[in-house]
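A quick note: this is a predicted structure, and the numbers were derived from the prediction, not measured. Starting from 1, each residue takes its place in the sequence as its number.
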Amino acid sequence: MERKTIDGKCFARMLHGGAILLSEHMSEINDLNVFPVPDGDTGTNMTKTLEGGLSELGADENETVGDVAGKFAHGVLLGARGNSGVILSQFFAGINEALSKCDKVDAKALADAYGSGVKRAYASVQNPTEGTILTVFRESTEYAAANITDSSTIEDFFRLHIERAKSSLAHTKELLPVLAEADVVDSGAAGYLYIILGMYDVLTGKISDASYKDSVDTSKKTNVDINTFTRDSKLEFGYCTEFLLRLTTDKTDPDKYDINTMLDALNSLGGESIVAYKEGDIVKVHVHTFTPGEVLTAAQQFGEFLTIKIENMSIGHSGEEKPKERKKINKKFSTLAVASGDGICALFREMGADMIVAGGQTANPSTEEFLEAFDACEAENIIVLPNNKNVVLAAKQAAEMYDKAKVYIIPTTSPMQCYGALSVITPGITDIDALVESAERAKDGVFGSEITRAVRDAKIHGVEVKEGDYIAIANGEILATSTDANSAVIDMIGSVDAEDYEILTVFAGKDVSEDMRVELIELIEENYPDLELTVYEGGQDVYHYMIALE
């Protein structure tokens, strides 16, 4: 029997269903890459973003649609990764704005809510591009809204929505010629189609209660080595304490509650790495403290807990490093860089990066990871170098949410641009605006190229690529191809007229042997003796070489 309305329980199940189908097709979406290289991460980013939303949903079956929409929107906002994840989080934020007061929702109200999501998603992108996930959001929503009536069911809305989304997805090739040439559809749009198909599968019973509860794990479990803290141990690092608090009317006015009240309480108790946000009547807190009991008592003055997590940070958790003792500084400014590869991270620290956020291509940090890193900077001003075009939006979203320091985003899209920007960011400068402008100019003065190996045959902008070839990519173009990585570097330098540059910096990846490095140095010195050459062991994945010309 089809539904005229859905309640909060059904909506929550549908969101789980969307995440399930998306996760099942994550690798397929990652492979929808214009360039035939192994660096696709759209499927991973969208899946992790949805898992952030699901982690906020509880087991209360009496919650309204508005309750579920609010929790989910808050979770995806913090969990957003990559451009596709940030856009998706804004889409659900818009849906939440329309559903926040709803106990149940019918097809027409759902269509209006999706329309609100479309508007917010478009507004989140400075220069919206058609032929992407935005187009599929808009066209499928408009089509469904135009064809439902007062008697339409929720199933009707999704059937119409899916019908148009499928044709809209196929149409992305026509709107973006680069997709047609590569013979792929837009990856973010493909991911969204799986989300709505999964939601519909729950409505029709294709995904059962058991499967949706078991298929997506949002618990973030870790293996705890309790033997790292013995009877003779002393607590060195305190407790990582996290909780969700529902503000209650018998203790405070949830609508007028100021989050600074919570921040002041946590600071007065000596808390560190504090992150606290208010979304409606829900407060989410992350704090490092030696007295979690006092923190919980202080928080409970304003409401009641929905979830609590307390972990001894002296105990080893698989996949996590023990926190390092940190002296509180409160500097004029701190510089935060996103990076991967041991050599690149070490170099950026030497050049003055105060904080490294792990990530880059195929491993984009979330909005919440940026917020926690901003807090750890403990500076009046924070300069952020995202170093990947797929990380910039999450960094900007975090900057908009952060109010304890002024955050400047320098939109570096590669480690090579970061290298240039860091060269002019020096301690002791008090004119932050001038410093940021100088760093902007420095990053724009760097020409960067990446050399990697093709994973399939392709034709990009007229350039034929064979599987296994080494290709040099720069600014969305293939500048050189070769059966040899070092030859690809030499050909790339020749294609951009080396006489225009004075300095050449090479970051060698983890797959580059010592013999390859030595050979490349000899080739560069022989072919381009006027370039001042520096070679670093970057240790990065995916790319054999990253090249910076200045």
Side-chain angles (χ1 to χ4, degrees), residues 30-42 173 176-187 341 344 360-362 388-390 413-417 419 446-501 504-529 531 533 535-550:
N30 285 340
D31 291 341
L32 289 174
N33 201 3
V34 169
F35 286 100
V37 297
D39 66 353
D41 53 12
T42 300
K173 284 186 181 182
L176 287 176
V178 68
L179 295 177
E181 190 177 31
D183 195 27
V184 295
V185 294
D186 181 74
S187 55
I344 291 177
Q361 197 64 34
T362 74
N388 187 289
K389 66 181 182 181
N390 211 25
T413 58
S414 69
M416 295 81 80
Q417 287 189 334
Y419 181 76
V446 176
F447 175 84
S449 179
E450 295 146 330
I451 286 76
T452 188
R453 204 165 194 177
V455 294
R456 69 172 191 271
D457 292 352
K459 185 179 180 181
I460 308 295
H461 296 150
V463 179
E464 297 280 356
V465 177
K466 297 295 183 184
E467 181 180 350
D469 283 352
Y470 289 90
I471 55 179
I473 303 170
N475 300 324
E477 302 283 342
I478 295 179
L479 300 185
T481 67
S482 176
T483 56
D484 174 74
N486 288 350
S487 296
V489 174
I490 299 302
D491 293 345
M492 180 278 296
I493 298 171
S495 73
V496 298
D497 197 350
E499 293 180 359
D500 294 337
Y501 301 96
L504 172 63
T505 307
V506 177
F507 302 95
K510 62 167 54 175
D511 293 329
V512 175
S513 67
E514 178 64 25
D515 289 343
M516 287 177 67
R517 281 195 298 273
V518 171
E519 180 190 55
L520 181 62
I521 291 170
E522 292 174 351
L523 286 169
I524 292 172
E525 290 177 342
E526 177 184 343
N527 289 276
Y528 304 103
L531 286 173
L533 174 65
V535 179
Y536 294 103
E537 290 188 41
Q540 70 272 8
D541 290 313
V542 181
Y543 302 112
H544 287 68
Y545 295 110
M546 291 181 172
I547 310 294
L549 283 161
E550 302 172 80

Show the nearest heavy-atom pair for residues [X] and [Y], with the distance to one decimal.
X: Gly462; Y: Glu181; result: N-OE2, 2.7 Å
X: Glu450; Y: Ser414; result: OE2-CB, 4.5 Å
X: Met516; Y: Ala485; result: CE-CB, 4.0 Å
X: Gly468; Y: Arg453; result: O-NE, 2.8 Å
X: Ser449; Y: Ala472; result: OG-CB, 3.9 Å
X: Arg456; Y: Ala182; result: NH2-O, 4.2 Å

Separation of Arg517 CZ from Tyr536 OH (nearest 0.5 Å):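 Atom-to-atom, Tyr536:OH and Arg517:CZ are 14.0 Å apart.
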OG-CD1 distance between Ser487 and Ile451, expressed to the nearest 0.5 angstrom: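 That separation rounds to 11.5 Å.
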Derivation of the side chain to side chain donor-acceptor pair (under 3.5 Å) call for Asn486 and Tyr545: CA-CA 9 Å; Asn486 288 350; Tyr545 295 110; 2.6 Å; yes
Less than 4.5 Å apart, any side-chain heavy atom of [X] and any of [Y]?
X: Ile473; Y: Leu479; result: no
X: Thr452; Y: Ile471; result: yes
X: Asp541; Y: Lys510; result: yes
X: Glu464; Y: Thr481; result: no
X: Val535; Y: Leu520; result: no
X: Val185; Y: Leu179; result: no
X: Lys173; Y: Asp183; result: yes
X: Tyr419; Y: Ile344; result: no

side-chain contact (heavy atoms from CB on, under 4.5 Å) assessment of Val465 paired with Asp457: CA-CA 5 Å; Val465 177; Asp457 292 352; over 6 Å; no
Backbone N/O of Thr413 and side chain of Asn388: donor-acceptor pair under 3.5 Å: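 It does not hold such a pair.
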Tyr470 side-chain N/O to Val489 backbone N/O, donor-acceptor pair under 3.5 Å: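 No, Tyr470 side chain to Val489 backbone: no donor-acceptor pair under 3.5 Å.
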Partner of Tyr501 by side chain to side chain contact (heavy atoms under 4.5 Å, CB included), out of Leu531, Ile493, Val446: Leu531
Sole residue of Asp500, Asn475, Ile547 in side chain to side chain contact (heavy atoms under 4.5 Å, CB included) with Phe447: Asn475
Check against side-chain contact (heavy atoms from CB on, under 4.5 Å), Ile524 and Ile490: CA-CA 7 Å; Ile524 292 172; Ile490 299 302; 3.8 Å; yes
